[in-house]
Amino acid sequence: MAAAKAALTEYERRRLENIKRNEEMIASIKRKANDLSTLIKSSKRKPHRIAKPGKTPVVLRRSLRSRGISPDSAQETAIPTTPSPPVSLAKQKGPLRIVDDFVATLAATILDAEENAPLHRRVESLQNEVESWNPASALSLVPENTRRLLAGRILTVCFFPFLDRRLLAVGDKYGNLGFWDADFGESEGDGSYVYTPHSAPVSGISLHPFSSSKVFTCSYDGFIRLMDVGETVFKMIYSTEDSIFSLIHHPNNTKSLYFGEGQGDLKMWDESAGKISSSWDLHEQRINTIDFNRYNANLMATSSTDGIASIWDLRKIHSKKPECITTAQHARAVHSAYFSPSGTCLATTSIDDTVGILSGPSFDNWTTIKHFNQTGRWLSSFRAIWGWDDRFLFMGNMRRAVDIITVEDKNIVPLESPFMTAIPCRFAVHPQRVGLLAGATAGGQIYIWS
DNA sequence: GTAGCTCTTAGTCGT
DNA sequence: ACGACTCCAGAGCTAC
């Protein structure tokens with residue numbers, strides 16, 4: 001009890017600090033972008049649908065092609081044999097400045113939402129809401145909640161934790177980072193913001209736990225970048241020759257950023273020290289996901305293409321090749337391993353066509369659920385994610401549907417919609433709002449069920 | 001042990 | 001409506 005109270009106080013203290021900082025930032029950004037803002041307000045044109053051909057610079061705005069819009073500039077059509085987006089500035093090391101008319105709007109949205117968000121959603125009220133919630137009847141999709149945001153296959157989706165604003169961050173194959181503000185004002189723009197901080201697939205997005213204006217991304221290009229919307233810059237946090245496949249903040253120790261690099265390495269970047277402070281060789285092949293148990297943040301789960309999902313105790317991984325608490329051995333590559341909301345189960349997804357559930361006091365009880373997971377090479381692999389309690393899992397279905405798995409009886413109900421024109425393969429649940437589920441496709445679309 | 005080849009698969013875009 | 005193109009996933013195979 002005492003610990004929980006202390007944690008809350010710490011949380012509140014940090015939030016108040018952030019709010020103060022954000023106020024200053026908003027003022028600063030609004031000052032800096034005053035001309036641009038008036039420009040936006042006075043025009044009815046839609047953000048990011050306008051070409052700016054011929055502009056050179058450090059602009060990180062996406063090309064039209066990669067946005068899924070046919071290119072109309074002579075420059076681009078002149079090179080029809082180059083299907084991939086133009087060689088991006090994202091390849092260079094060091095910070096990338098964001099030169100964009102609309103980033104001020106995005107920054108103000110994020111900073112405002114963060115400032116106005118209730119200090120803490122009561123866990124109990126969330127639980128009451130969850131108990132009476134039933135996905136099959138509660139989830140529906142309407143056309144306004146679908147959008148093609150990016151051109152490439154989406155690998156990552158992430159909700160901002162705002163109660164009153166449905167804001168998503170999404171990463172695709174081309175290194176694009178897209179934001180979709182589904183509650184954007186009607187008359188101005190369409191709530192889309194697209195940047196290109198990377199030159200290869202964006203494999204992970206992690207928001208700073210106490211400051212949503214700090215968006216960390218990792219990529220196959222070997223970079224970890226930090227989009228600090230308050231400073232309108234993509235900082236470079238870390239770079240390596242290997243690919244980076246997964247990224248997550250430690251939920252309590254917010255200055256620790258864990259990421260999976262190369263053939264099975266897990267590294268920890270220490271924000272205070274500004275360097276890598278730990279490195280372990282946990283797997284034989286790439287680490288696809290990293291997750292922390294929210295009721296015992298010393299427990300960390302990894303999933304790897306080597307066919308193994310493991311649970312580690314951070315207090316006991318001192319050596320270079322540490323021992324794990326439990327492993328789930330799949331027949332083939334494991335694409336995800338996520339702790340359930342209560343922290344008592346671990347759900348794994350493998351292309352051996354099973355979803356595994358580890359449960360029991362020491363996670364030694366193992367059951368599997370059959371599920372077709374052969375996505376092929378053009379779709380992102382399926383990952384079963386938990387809903388808002390331990391009852392349901394959500395994941396993709398090759399028949400253009402969302403599969404809702406009831407863990408208790410292993411029953412699978414597909415959720416279909418005429419507005420779903422492609423197979424959703426990556427998902428995110430809203431951390432604060434029960435019944436808000438986002439799915440993303442290989443064609444760059446996003447769907448928000450509610 | 002590993003480098004190299006081959007097959008699978010969905011969706012977009014251009015005609 | 002159809003065909004070309006995508007192409008850093010993963011596995012199984014062969015050859016060294």
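Since the model is a prediction, treat every value here as computed from it, not as a measurement. Throughout, a chain's letter reflects where its sequence line sits, starting with A, and its residues are numbered from 1.
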Colleague: So which atom in Leu168(A) and which in Ala438(A) form the shortest heavy-atom distance, rounded to 0.1 Å?
Modeller: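 Of all heavy-atom pairs spanning Leu168(A) and Ala438(A), the closest is CD2-CB, 3.8 Å.
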Colleague: Tell me whether the side-chain N/O atoms of Arg332(A) come closer than 4.0 Å to OP1 or OP2 in dA11(C).
Modeller: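 True: Arg332(A) side-chain N/O within range (under 4.0 Å) of dA11(C) OP1/OP2.
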Colleague: Pick from Phe216(A), Phe210(A), Phe259(A): which one makes a ring-ring contact (aromatic ring centres under 6.0 Å, His included) with His249(A)?
Modeller: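 Passing option: Phe216(A).
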Colleague: Let me know the distance between OH of Tyr220(A) and P of dC7(C), rounded to the nearest Å.
Modeller: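 Between P of dC7(C) and OH of Tyr220(A): 13 Å.
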Colleague: What is the distance from CD1 of Ile351(A) to C1' of dT9(B), rounded to the nearest Å?
Modeller: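 One finds 12 Å between C1' of dT9(B) and CD1 of Ile351(A), rounded.
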Colleague: Without decimals, in angstroms, what is the distance between Arg383(A) CZ and dA9(C) P?
Modeller: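 It is 11 Å, rounded to the nearest whole Å.
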Colleague: Which of these nucleotides, dA9(C), dG11(B), dC13(B), is closest to any side-chain atom of Ile423(A)?
Modeller: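 Given the options dA9(C), dG11(B), dC13(B), the side chain of Ile423(A) is closest to dG11(B).
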Colleague: Phosphate oxygens OP1/OP2 of dC5(C): is one of them under 4.0 Å from a side-chain N or O of Arg377(A)?
Modeller: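 No, no such contact exists.
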Colleague: Between Arg165(A) and Asp181(A), does any NZ, NE, NH1 or NH2 come within less than 4.0 Å of an OD or OE carboxylate oxygen?
Modeller: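 Answer for the salt bridge query: yes.
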Colleague: Whole Å only: how far is the CZ atom of Arg399(A) from the P atom of dT9(B)?
Modeller: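 Result: 17 Å.
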Colleague: Reckon His335(A) has a side-chain N or O less than 4.0 Å from the OP1 or OP2 of dG10(C)?
Modeller: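 It does, given that an N or O in the side chain of His335(A) lies less than 4.0 Å from OP1 or OP2 of dG10(C).
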Colleague: Does the side chain of Arg286(A) get closer than 4.0 angstrom to OP1 or OP2 of dG10(C) through an N or O atom?
Modeller: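 So the side chain of Arg286(A) is within the cut-off, an N or O lying under 4.0 Å from OP1 or OP2 of dG10(C).
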Colleague: Side-chain N or O of Lys173(A) versus OP1/OP2 of dC7(C): is the shortest distance under 4.0 Å?
Modeller: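 Yes.
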Colleague: Given dC13(B), dG11(B), dT6(C), identify the nucleotide with an atom nearest to the side chain of Trp378(A).
Modeller: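 Selected nucleotide: dT6(C).
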Colleague: Could you check how far CG of Leu379(A) sits from C1' of dT6(C), rounded to whole Å?
Modeller: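 Result: 12 Å.
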Colleague: Could you check how far CD of Gln263(A) sits from P of dA3(B), rounded to whole Å?
Modeller: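 The answer, rounded to whole Å, is 10 Å.
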Colleague: By the 4.0 Å heavy-atom rule, please label Ala422(A) as base, sugar-phosphate, or nothing.
Modeller: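 Counting heavy atoms under 4.0 Å across all strands, the contact made by Ala422(A) is with sugar-phosphate only.
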Colleague: Does Arg400(A) make a side-chain N or O approach to OP1 or OP2 of dG11(B) shorter than 4.0 Å?
Modeller: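 Looking at the OP1 and OP2 atoms of dG11(B), one of them is under 4.0 Å from a side-chain N or O of Arg400(A).
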Colleague: Using the ring of each side chain (for Trp, its six-membered ring), is His250(A) parallel, tilted or perpendicular to Tyr258(A), with breaks at 30° and 60°?
Modeller: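 Ring orientation, 0 to 90° scale: tilted.
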Colleague: Using whole Å, what does the distance between atom P of nucleotide dA9(C) and atom CG of Asp306(A) come to?
Modeller: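 Distance, rounded to whole Å: 15 Å.
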Colleague: So, OP1 or OP2 of dC8(C): does either fall under 4.0 Å of a side-chain N or O from Tyr174(A)?
Modeller: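 Answer is no, no contact under 4.0 Å.
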Colleague: Would you say CD of Glu416(A) has more than 12 non-hydrogen atoms from neighbouring residues, nucleotides or ligands within 6.0 angstrom?
Modeller: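 Buried by this count: over 12 neighbours within 6.0 Å.
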Colleague: Please state whether the phosphate of dA9(C), meaning OP1 or OP2, lies under 4.0 angstrom from any side-chain nitrogen or oxygen of Gln285(A).
Modeller: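 No, outside the criterion.
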Colleague: Expressed in angstrom and rounded to an integer, what is the separation of Tyr447(A) atom OH from dG11(B) atom P?
Modeller: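 Rounding to the nearest Å, OH of Tyr447(A) and P of dG11(B) are 8 Å apart.
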